[in-house]
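What follows is one structure encoded as structure tokens, with my remarks underneath.
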There are 2 protein chains.
Amino acid sequence: MMITDPVTFAKAIADDTRQQVMNLLCCEWLCVSDIVERMGGVSQPTISHHLAVLREAGLVNTRRDGKQVFYSLDQEAVAVCCGTLLQRFAPGRQYIPVSQIELVG
Amino acid sequence: MMITDPVTFAKAIADDTRQQVMNLLCCEWLCVSDIVERMGGVSQPTISHHLAVLREAGLVNTRRDGKQVFYSLDQEAVAVCCGTLLQRFAPGRQYIPVSQIELVG
DNA sequence: AAAACATATTGACAATCGTCAATATGTTGA
DNA sequence: TCAACATATTGACGATTGTCAATATGTTTT
């Protein structure tokens, strides 16, 4: 598992186009041409560039299937990065996953 | 209460110097000259600039006391922004504040 | 092997950003 | 009011970034 430091994470998500792509990839796998189509008006090289930034920050999963390359958002990675930000910049308020609440009681 | 959108938040924290300043301001009030002193090697105008960015993003509290202006990190704002990021980009894993767990049972 | 398709890379350009020196603004105390 | 101090703003500069057109790489199909 790769660790993404807070600055790298912040830089990776600090662009509107990139956040729109992240939204598209949040809950489904999409190939590059589908992303280009849904983004409407953004060129394929630009999309590939943004995907590279997200990939290098460890925020997307990649799968090759024939000629196409599919991407999806790595929600776990996002959650870990946000957790790090919270620990560092909001230590006064600690958060825990809802999925663990059952175990508490 | 002001709302900070995820892109503005990300841009605000997408710089190493700025995150260092945020660390300094995380748990105490500091005036500008103290920040300059602790950052060592960064000029006062640069620090003022970074503080302005954080202020415009709603991430710091400000208080004037005589000639000096004190800043502190707004942990609540950071927590809200991280929460928004989690909702948008990690909807599969929901987190809640520890402080609210008592109320659940 | 060649053609067709999907994606990545390169090169160029404008726009944004981080930084500092110089200066302006604002506040206190003599 | 004036001098001293603290912070903010301006202007300039190099570095980084987002974007696209053109091209390269990689994969499948004929």
Side-chain angles (χ1 to χ4, degrees), chain A residues 4-25 28-74 81, chain B residues 4-25 28-74 81:
Chain A
T4 304
D5 78 287
V7 175
T8 303
F9 173 66
K11 283 182 189 287
I13 68 173
D15 178 76
D16 184 54
T17 303
R18 219 137 56 215
Q19 286 204 15
Q20 286 180 242
V21 171
M22 289 172 72
N23 255 309
L24 290 179
L25 299 179
E28 57 179 335
W29 288 84
L30 289 178
C31 69
V32 178
S33 49
D34 283 342
I35 301 173
V36 172
E37 193 175 26
R38 298 206 194 182
M39 287 293 293
V42 184
S43 74
Q44 176 266 314
T46 296
I47 295 297
S48 273
H49 164 68
H50 287 307
L51 289 171
V53 172
L54 294 174
R55 185 176 353 107
E56 282 153 23
L59 299 181
V60 287
N61 306 115
T62 296
R63 169 167 54 87
R64 168 143 232 151
D65 188 15
K67 325 182 202 182
Q68 319 192 354
V69 177
F70 286 81
Y71 288 85
S72 77
L73 190 64
D74 188 337
C81 289
Chain B
T4 303
D5 78 286
V7 175
T8 302
F9 172 66
K11 283 181 189 290
I13 68 173
D15 178 75
D16 183 53
T17 303
R18 220 136 56 216
Q19 287 205 13
Q20 286 180 244
V21 171
M22 290 172 71
N23 255 310
L24 289 179
L25 300 178
E28 59 179 334
W29 288 84
L30 289 178
C31 69
V32 179
S33 49
D34 283 341
I35 301 173
V36 172
E37 193 175 26
R38 298 207 195 184
M39 287 293 294
V42 184
S43 74
Q44 176 267 314
T46 296
I47 296 296
S48 274
H49 164 67
H50 287 308
L51 290 171
V53 173
L54 294 173
R55 185 177 352 109
E56 282 153 23
L59 299 181
V60 287
N61 306 115
T62 296
R63 169 168 54 88
R64 165 141 233 153
D65 188 15
K67 324 182 201 180
Q68 317 193 349
V69 178
F70 286 81
Y71 287 85
S72 77
L73 190 64
D74 188 338
C81 289

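No hydrogens, no waters, no symmetry mates; every other heavy atom, side chains included, goes into these values.
- With A/L51 as reference, A/L25 is the one residue of A/L59, A/T46, A/L25 to meet the side chain to side chain contact (heavy atoms under 4.5 Å, CB included) rule.
- Annotation: side chain of A/Y71 is not in contact with side chain of A/L30 (no heavy-atom distance under 4.5 Å).
- Residues from residues 5-25 of chain A placing a heavy atom under 4.0 Å of any atom in DNA chain D, listed by number, are A/D15, A/T17, A/R18.
- With rounding to the nearest 0.5 angstrom, the CD atom of A/Q19 is 10.0 Å from the CG atom of A/L54.
- Side chain of A/T4 to backbone of A/A57: a donor-acceptor contact under 3.5 angstrom is found.
- Between B/H50 atom NE2 and C/dC17 atom C1' the separation is 9 Å, expressed in whole Å.
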Full working for side chain to side chain contact (heavy atoms under 4.5 Å, CB included) between A/Q68 and A/V32: CA-CA 7 Å; A/Q68 319 192 354; A/V32 178; over 6 Å; no
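- You'll find the side chain of B/R63 stays beyond 4.5 Å of the side chain of B/V69, heavy atoms only.
- A salt bridge does not link A/R18 with A/E56: every distance from a Lys NZ or Arg NE/NH1/NH2 to an Asp or Glu carboxylate oxygen is 4.0 Å or more.
- Within the 4.5 Å cutoff, the side chain of B/V60 has no heavy atoms near those of the B/D74 side chain.
- Within the 4.5 Å cutoff, side-chain heavy atoms of B/I13 are placed close to those of B/F9.
- Contact annotation: the side chain of A/N61 approaches that of A/W29 to within less than 4.5 Å [non-hydrogen atoms, C-beta and beyond].
- For the helix from C/dA1-D/dT30 to C/dA30-D/dT1, the angle separating the two terminal helix axes comes to 20°, with each axis derived from five pairs and the value rounded to 10°.
- With the nearest nucleotide of DNA chain D identified for both A/I47 and A/D65, A/I47 has the one nearer the 5' end.
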N/O contacts under 3.5 Å, protein versus nucleotides 6-12 of chain D?
{"unit_1": "D/dT7", "atom_1": "OP1", "unit_2": "B/V32", "atom_2": "N", "d": "3.1"}
{"unit_1": "D/dT7", "atom_1": "OP1", "unit_2": "B/V69", "atom_2": "N", "d": "3.3"}
{"unit_1": "D/dT7", "atom_1": "OP2", "unit_2": "B/S33", "atom_2": "N", "d": "2.8"}
{"unit_1": "D/dT7", "atom_1": "OP2", "unit_2": "B/S33", "atom_2": "OG", "d": "2.9"}
{"unit_1": "D/dA8", "atom_1": "OP1", "unit_2": "B/Y71", "atom_2": "OH", "d": "2.6"}
{"unit_1": "D/dA8", "atom_1": "OP2", "unit_2": "B/S48", "atom_2": "OG", "d": "2.8"}
{"unit_1": "D/dA8", "atom_1": "N7", "unit_2": "B/Q44", "atom_2": "NE2", "d": "2.7"}
{"unit_1": "D/dA8", "atom_1": "N6", "unit_2": "B/Q44", "atom_2": "OE1", "d": "3.2"}

